[in-house]
Amino acid sequence: MMGERPHKPIFVVQKHQARTLHYDFRLEIDGVLKSWAIPKGPSLNPAEKRLAIMVEDHDLSFGDFEGTIPEGDYGAGEIIIWDKGFWEYLPDKQRATAKEAIGNGKLRFLLYGMKLKGGWQLARLRRAKAEWILTKNADEHADDTIDIAKSSPSSVLSRQRS
Ligand code: MN
């Protein structure tokens with residue numbers, strides 16, 4: 001419709017201090033947040049392959065959540081919004097949709113976040129279907145000199161700047 005802004009799907013990375021620290025990497029696809037838990041967090045170094053365990057889809061609204069999940073509830077612990085922005089799917093030669101690309105085990109995309117930018121890919125490992133690898137493309141946003149999870153540990157929301 002005229003005057004309507006094209007919808008830009010969001011991505012969010014929630015740093016989750018549950019029993020073990022991990023980073024929940026979420027991409028909006030078809031109205032839900034497809035989600036992967038990344039124990040070490042994303043790396044800007046293209047040589048670093050970060051294990052990403054595919055977990056259940058989350059509601060879009062959960063992408064705004066920052067706070068504490070109470071003891072005794074699923075995922076109990078602190079969650080901060082470590083990064084957030086828009087993402088753009090890069091179709092393969094077969095012109096698969098993003099959902100199909102996930103089914104095929106390979107998703108290429110651009111991130112427009114505050115910490116994560118440029119080209120990335122998620123590739124499923126052959127043997128265990130829930131195990132994927134997240135890697136940064138070697139582009140102008142790559143950086144092999146820092147571990148961004150450590151050098152930039154805080155929330156991107158101003159109220160949690162610390
Ligand atoms: Mn989590």
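Both counts, for ligands and for their atoms, begin at 1 and track the order of listing. Only a predicted model underlies this, so the values are computations on that prediction, with no experimental measurement involved. By convention here, the first residue in the shown sequence is residue 1.
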ring-ring contact (aromatic ring centres under 6.0 Å, His included) against H141, all qualifying residues, sequence neighbours excluded
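If we apply the ring-ring contact (aromatic ring centres under 6.0 Å, His included) test to H141, skipping adjacent residues, there are no hits.
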Identify, with sequence neighbours excluded, every residue that meets salt bridge (Lys or Arg N to Asp or Glu O under 4.0 Å) alongside D147.
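D147 satisfies salt bridge (Lys or Arg N to Asp or Glu O under 4.0 Å) with K150 only.
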What count do you get for protein N, O or S atoms closer to the Mn ion (ligand 1) than 2.8 Å?
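Under the 2.8 Å cut-off, the count stands at 3.
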Which residues, ordered by chain and number, are linked to F65 in its hydrophobic cluster, where ILVMFWY side chains connect at heavy-atom gaps below 4.5 Å, directly or through other members?
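Listed partners: F62, I69, I79.
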Check: T145/D143 side-chain N/O donor and acceptor closer than 3.5 Å
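A donor-acceptor contact under 3.5 Å links the two side chains.
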Within the supplied structure, the quantity of interest is the number of heavy atoms (other residues, nucleotides, ligands) at a distance under 6.0 Å from K40 NZ; does it exceed 12?
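No, the 6.0 Å shell around NZ holds no more than 12 heavy atoms from other groups.
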Reference residue S155; test side-chain hydrogen bond (donor to acceptor under 3.5 Å, both in side chains); the match among E66, Q14, K15
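Answer after filtering E66, Q14, K15: E66.
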